[in-house]
Every structure is written in structure tokens, then in C-alpha cells.
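Each ligand, and each atom within it, is numbered from 1 in the order the structure gives. We count residues from 1, following the sequence as given.
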Amino acid sequence: MNPAEWLARAAQHTPEAPALLQGTAVIADYAGFAQRVAGIAAAFADAFQLAAGKRVAIFMKNDAAYLEALYAIWHAGLVAVPINAKLHPREAAWILQDADTRLVLASPDLASDLKAALRDADLTSCQLLEAPGPAFDRLREHAPAGPPAPMVRDTLIWLFYTSGTTGRPKGVMLSAGNIAAMAYTYFIDVDAVHGTDTALYAAPLSHGAGLYSVMHVLRGARHAIPPSGGFDAAEILALAPQLCDVHLFAAPTMVRRLVDGARASGSSGEGIRTIVYGGGPMYRADIVEAVAVMGPRFVQIYGQGESPMTITALSRAAVADREHPRWRERLASVGRAQSCVDVRVVGENRQLLGPGETGEVEVRGATVMLGYWQNPGATARTMRDGWLATGDLGFLDADGFLTLVDRSKDMIISGGTNIYPREIEEVLLEHPSVHEAAVIGRPHADWGEEVVAFITPAAGASFDPGALDRHCLERIARFKRPKAYFTLGRLPKNNYGKILKTELRRILAEHDGDGGSRS
Ligand code: AMP
């Protein structure tokens with residue numbers, strides 16, 4: 001199923017329904033959206049000589065033209081290579097080369113640096129087109145292509161490079177079938193979408209937010225780009241009441257900013273129907289506060305580039321129902337398996353583990369990727385007998401709720417005992433002087449590793465390692481408490497807001513001994 005076919009059908013069914021909005025201003029209805037897409041798709045084939053299956057990259061900030069480009073790529077049977085606009089042009093050039101990309105659409109303010117990076121990399125086979133811009137406008141006016149290119153389940157349509165918190169990113173190959181399954185499962189496990197709803201794209205379209213456009217095209221809903229083109233809590237809170245039933249994808253750090261903004265302005269998020277959060281750990285203290293300030297607007301998803309947005313979901317009711325006897329426990333979980341996948345937890349020899357036993361999470365089903373682009377070694381290491389090894393550690397409870405304890409590579413082993421940094425971070429975050437916390441292991445001659453913590457202090461709070469130590473001793477086993485604390489103005493994060501523990505390890509190696517070590 002070609003997602004561009006859903007756009008063509010929405011245009012047939014509700015041609016005058018608003019489709020693309022810049023802020024609250026409608027810039028195209030569904031007939032107009034589909035017509036632009038068909039024009040651009042024809043230009044890809046005629047002017048750029050791109051045959052089905054070729055890769056076209058999008059290195060753009062959020063913009064309505066992003067969605068036009070994406071659906072035109074699909075209409076023409078091409079493969080979209082979304083690249084985070086915050087990447088360094090050299091990183092983008094590396095992806096363009098790896099994916100053997102023939103054309104890249106780049107935002108005007110990113111284009112000249114990217115051009116230079118393409119020159120430096122001697123990448124002459126990849127053409128660059130500014131979008132939006134006059135040349136892109138001309139593509140829209142091209143005589144429209146015929147119907148969307150036919151696709152089968154395994155047709156590659158989205159080649160997404162992993163965020164790469166370690167090493168070079170890998171190209172995750174997602175098929176038309178993967179994306180369709182993700183969309184159907186959303187309606188079952190996450191939320192309903194109606195033609196009058198609005199998807200508001202405050203998170204990068206190159207990631208989950210862009211994939212979520214599919215559900216909204218499928219239902220003929222509105223697609224709004226905030227004028228800032230990014231995540232601005234005040235802007236979202238001001239826009240939402242003017243738009244219809246807003247859906248928003250937000251990473252946990254964004255939820256936190258939104259909640260702070262709502263509290264500061266006395267808003268409770270009017271106009272927002274659903275905030276889907278995920279992509280990284282949401283600390284329990286944060287989501288409890290989010291629901292207290294903004295009400296039952298939150299649904300959690302747990303997914304990976306390799307099984308996009310679709311491993312488990314924690315429903316709106318499970319997030320908000322304080323009366324449920326296991327509410328707090330479930331809030332710390334990522335919910336239950338989404339309908340189109342099997343989820344299991346396995347031990348070191350891949351034996352199936354029972355409820356409460358911690359091991360690696362594996363997933364199998366219709367959303368799981370085809371494999372890594374031109375990387376059979378990495379594919380074989382990650383896909384085992386049809387199961388995708390997520391690299392996440394967690395346990396299932398008897399009711400099927402999955403709790404993630406950490407990434408396997410972040411686990412600390414001290415004196416032969418496994419310590420999950422996330423548990424300690426949760427405890428540190430409960431202390432009023434702590435704004436953000438990240439825990440890693442430091443090599444130790446006797447114990448193998450010992451626990452150290454990086455803290456960013458809360459505004460106006462003073463840093464008192466003794467107080468934090470007492471706080472930890474009251475809540476967790478002695479051996480788990482940090483043996484040293486370090487403060488940072490801010491924690492290093494990647495472009496998706498994920499804390500870069502590799503970077504913290506590097507900082508630790510360079511500055512060890514400067515912190516408030518007690519041992
Ligand atoms: P990415 O492939 O860049 O989207 O990263 C996926 C990883 O983010 C997963 O393997 C998890 O480690 C983490 N992640 C995604 N969703 C959640 C969630 N809801 N809670 C905790 N971690 C998550």
C-alpha cells in the first residue's frame with residue numbers, strides 16, 4: 001500500500017477539507033495538497049530522471065513543503081531518506097553517500113553548507129534543490145503524474161538513519177507494509193483520528209512526527225506547522241485553542257517544557273487532545289506532574305527506528321487513572337504490546353523469561369524493519385529468527401505491562417551485580433535540588449565499575465552532594481548510590497534530546513577527580 005494512495009483518496013473524498021496549515025492559516029486543501037504532490041512526483045521522474053526505488057533525501061526544517069516532498073517521493077515510488085535538520089552538514093553528506101542518494105531537498109538556510117559538504121565529499125551524483133523556494137515551486141506546477149506508484153508490502157519507502165548515540169548511524173529500511181501496520185495499530189492502541197483533527201508538528205518531521213503524518217493523511221485530518229518551525233511551548237499553547245483537536249508527538253524533554261509553560265501561563269493545554277510521548281524514558285515524577293497540570297491528554301508509546309513508534313503503548317486511561325490500585329506502578333511502565341507485534345523478554349541465552357525477570361526486550365511483527373541498509377552483519381546481529389533485539393532491558397508483569405529498566409549498554413556491573421542507572425536517576429530526580437540527572441559507571445579496580453552521577457541543579461538550588469547521598473540512602477540500596485557527583489550546566493544530548501552517555505563517559509575520563517567524590 002502506497003501512503004500517497006491515501007492522500008489521493010482523501011483528495012477524492014474530501015477535496016475541500018483543509019490539509020496544510022502554516023500556524024492557523026490554511027495554505028492548501030486536500031485537492032490542492034494532492035495536486036502539488038502529483039506535480040512534484042512527475043517532476044522527479046521527468047526533470048530528475050528518478051526511477052522507482054531511487055533514494056531522495058529531505059534535509060529540511062519542519063515546513064509544509066516537507067510534507068509535499070515526502071508524499072511526492074512516495075507518489076513516484078521513490079525512497080524517502082529523512083535527515084534531521086540539526087545534523088552537521090558533514091554528517092548529512094555521509095548519509096547521502098551511504099544511501100546513494102540522487103537528490104536532496106534542503107531548507108534554504110541549510111543548503112549552502114550542505115553544498116560545500118557535498119563538494120568536500122566529492123559527491124557529484126547527488127543533486128541539491130532548495131525547498132521551499134522558487135525551484136521547488138516550479139516542480140509543483142509540473143503536469144501531474146498519474147496515480148501513485150504501486151507498492152507491495154516489502155517495498156522500501158523510508159530509509160531512516162538511527163540517531164547514532166554510538167558509532168556511525170545505520171540505515172533502517174522500512175517498507176510500505178511496516179508503515180501501514182504502524183498506522184493501523186495507532187488507531188487500535190494509541191488514539192482515534194478524525195477528519196476535523198489537527199496534527200501539529202512541533203517535533204522534527206524527519207523522525208516519528210513525520211511518520212505520524214500518515215495516520216492524519218489516512219483520515220483526511222489537518223497538518224499544521226507551527227510558525228517557529230520547532231518546539232516552542234508558549235507557541236503551542238497559544239495555537240492549540242485555535243486549531244481543532246490537536247495531536248502532538250513530543251519527546252519527554254518537550255513534555256517537560258510544555259508542562260512548565262502551561263504552569264507558568266495558567267493554561268491546562270486547551271485545544272490539545274492527545275500528546276503522544278515516547279522516544280526516551282519519561283521519569284515518573286514528570287508524567288505525574290504533567291497529568292496534574294494538563295489533565296488526561298497523554299498516551300505513551302515505546303518504539304524504535306527499527307519498529308517505528310510501535311512496540312508497546314500505555315493508554316490514556318492507564319496514564320491518568322489515579323484510582324487504579326496499580327496506577328503508579330503502571331505509570332513507570334511503557335504499557336502493553338501494540339496489537340500488530342509480539343513482545344517478549346529473553347535472558348542471556350535467549351531463553352524466555354517469566355514475569356518480573358529482567359532481560360532483553362525483543363519484538364516481532366508487521367512493523368519490524370526489513371533490515372539495515374547494505375549492512376548484513378548488523379542486520380544479523382539485531383534480527384534473530386525474525387525477532388528484533390531492541391538492546392533495551394526490561395521486564396513484563398503478569399498483566400503484560402513492560403517496564404524498561406535501561407539500555408543494555410548503559411547497565412553498570414559493580415561487584416558482579418547489575419545496576420540500572422535509570423533507577424538511580426529516578427531517585428535523584430525526586431530531590432528538589434536536581435533538575436536533570438544522568439548516571440554512568442566508572443571503572444573501579446575492585447568492583448569493576450562504580451556508580452557516578454551527573455547533575456544539573458534546579459534553578460536557584462545549591463549543589464549539596466551530602467544531601468543527595470542521604471536522599472539516596474533513604475531510598476535505594478547502599479551499593480547503588482553514586483560514589484561521586486559532578487555538576488554540569490546542561491547534560492550533553494543528541495538532536496532528539498537523548499542524553500549522550502558516551503559523551504558523559506568522555507567527560508568523566510577527562511575530568512575525573514574534579515567532582516565531589518566521597519570515596
Ligand atoms: P530511536 O530508534 O532513536 O527512536 O531510539 C529508540 C530507543 O529509545 C529505544 O530503544 C528505547 O531505548 C528508547 N525509547 C523509546 N521510547 C521509549 C519510552 N517510551 N520509554 C523509554 N525509552 C524509550
Chemist: Going by the order shown, which atoms of ligand 1 are within less than 4.0 Å of some heavy atom of G305?
Modeler: 1 (P), 2 (O), 4 (O)
Chemist: Classify the side-chain pair S339/D189 by whether it contains a donor and acceptor separated by less than 3.5 Å.
Modeler: yes
Chemist: I'd like to know if the side chain of R297 pairs up with that of T274 as donor and acceptor (distance under 3.5 Å, no hydrogens or angles considered).
Modeler: no
Chemist: Hey, is I301 one of the residues with a heavy atom under 4.0 angstrom from ligand 1?
Modeler: yes
Chemist: Consider ligand 1: state whether an atom of it lies below 4.0 angstrom from any non-hydrogen atom of K498.
Modeler: yes
Chemist: Under 4.0 Å, counting heavy atoms only: does V334 come that close to any atom of ligand 1?
Modeler: yes
Chemist: Can the ring centroids of H207 and F249 be said to lie less than 6.0 angstrom from one another?
Modeler: no
Chemist: Answer with side chain, backbone, both or neither: which part of H207 has a heavy atom less than 4.0 angstrom from an atom of ligand 1?
Modeler: side chain
Chemist: Under 6.0 Å between the ring centres of Y485 and F454?
Modeler: no
Chemist: Taking side-chain contact (heavy atoms from CB on, under 4.5 Å) as the test, write out the residues that go with E348, two or more places apart.
Modeler: none
Chemist: Short N/O distance, under 3.5 Å, between Q304 and ligand 1?
Modeler: yes
Chemist: Checking the N or O distance criterion of under 3.5 Å, is ligand 1 in contact with Q300?
Modeler: yes
Chemist: Checking side-chain polar atoms at under 3.5 Å, does E235 have a donor or acceptor matched by the opposite partner on S228?
Modeler: yes
Chemist: Please say whether L404 places an N or O atom under 3.5 Å from an N or O atom belonging to ligand 1.
Modeler: no
Chemist: Can you list the residues that meet the side chain to side chain donor-acceptor pair (under 3.5 Å) rule with K501, with sequence neighbours excluded?
Modeler: E425
Chemist: Counting heavy atoms only, which of G280, P281, S333, G391 is nearest atom 18 (C) of ligand 1?
Modeler: G280
